[in-house]
Amino acid sequence: MIDAACAAPDHRRLRPWRFILIRNDQRTMLANLFEVAARETHGTLSEDQTERAREKALNGACLIAVVGIIRDDVSDAPPHEQWVSVGAAVQNILLTATSFGFGSMIVSGDKVKTSALQKGLGLSAIEQFLGFVAVGTVSKQPAPADRPRAEDVFSVWGQVDL
Ligand SMILES: Cc1cc2nc3c(=O)[nH]c(=O)nc-3n(C[C@H](O)[C@H](O)[C@H](O)COP(=O)(O)O)c2cc1C
C-alpha cells in the first residue's frame, strides 16, 4: 500500500508526504494521546467525552497516520499542488486496500490540529498531520453513498470569444 502511495503524482519530486504505522500494541498509548488532544481542544472532559475520545484509537485493524510536508519555497510546485500529491498518495492507499479486499477510510477530526498530536506523532515544525487511514475487514456494508452524477461535474468546453 505504501509503494502505491509513493507512485502518486509528485511535481518536482518533493515527496510532500510520509506515513506512520500505529502498531496494534500501541493503541492504548494512542488512546492516551487522543485524551490529551481532546483536553487541549475542549478543556476539562466529562467521563463520556473522555471515553469517546479514547475509543477512536481502536478504529481500524490497521491505522496509518498521514503527514503532509508542504514547502512554500518552490514556485512551480506551489502548496496546493503538493496537497494534491498528498491526496493522490492517500487515494492510492485506499484503492490498494480495496484491491486487497479490505475496507478503508481517511478520517481527521479536530484533534489533528492539536500540538498534542503534532508532538505525540513526532512531527517536525514543517510537517502537518492530515489524519489517519484506517484499513480493515468490512463488518457492515455502508448504505450506498449519495454521489454527484458525472453530468453534474462534467461538461465539454465550448466556444470562447477572445
Ligand atoms: C482529508 C479527509 C478527512 C476526512 N475526515 C473524516 C472524518 O474525520 N470523519 C468522517 O466521518 N469522514 C471523514 N472524511 C470522509 C470519509 O473519508 C469518507 O469519504 C466518507 O465517510 C464517505 O465515504 P465514501 O467516500 O466511501 O462514500 C474525510 C475525508 C477526507 C478527504
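FYI, side chains are in, hydrogens and waters are out, and symmetry mates aren't considered; it's all heavy atoms of this structure. Quantities reported herein were computed from a predicted structural model and do not represent experimental measurements. Both ligands and their constituent atoms are indexed starting at 1 by order of listing.
Closest to atom 17 (O) of ligand 1 among all protein heavy atoms lies Ile106 O, 2.7 Å. At the shortest separation from atom 3 (C) of ligand 1 among protein heavy atoms lies Ser108 OG, 3.4 Å. From the protein, the heavy atom lying nearest to atom 26 (O) of ligand 1 is Arg147 NH2, 3.7 Å. Met105 CE, 4.4 Å is the protein heavy atom nearest to atom 20 (C) of ligand 1. The nearest protein atom to atom 9 (N) of ligand 1, hydrogens excluded, is given as Val107 CG1, 4.0 Å; this is a heavy-atom distance.
Aromatic ring orientation, Phe132 versus Phe129: perpendicular (interplanar angle above 60°, classes split at 30° and 60°).
A salt bridge is absent between Asp10 and Arg15; no separation between the charged side-chain nitrogens and carboxylate oxygens falls under 4.0 Å. One finds a salt bridge joining Glu127 and Arg18 here, because a Lys/Arg side-chain nitrogen approaches an Asp/Glu carboxylate oxygen to under 4.0 Å.
Of all non-hydrogen atoms in Gln118 and Ser124, the two that sit nearest each other are NE2-O, 3.0 Å.
A salt bridge (Lys or Arg N to Asp or Glu O under 4.0 Å) with Glu35 is found for exactly one of Arg52, Lys56, Arg54, namely Arg54. Between Ile22 and the options Leu121, Ile64, Leu33, a side-chain contact (heavy atoms from CB on, under 4.5 Å) holds for only Leu121.
The contact set between ligand 1 and Gly109, taken as ligand atoms under 4.0 Å from a residue heavy atom, comprises 8 (O).
Under the 4.0 Å distance rule, the nearest protein heavy atom to atom 22 (C) of ligand 1 falls outside the cut-off.
The proximity of Ala145 to ligand 1, defined as any non-hydrogen pair under 4.0 Å, is limited to the side chain.
The shortest separation from a heavy atom of Gly131 to ligand 1 is not under 4.0 Å, leaving the residue out of contact.
Through direct or indirect side-chain contacts shorter than 4.5 Å among Ile, Leu, Val, Met, Phe, Trp and Tyr, Val160 is connected to Trp157, Leu162.
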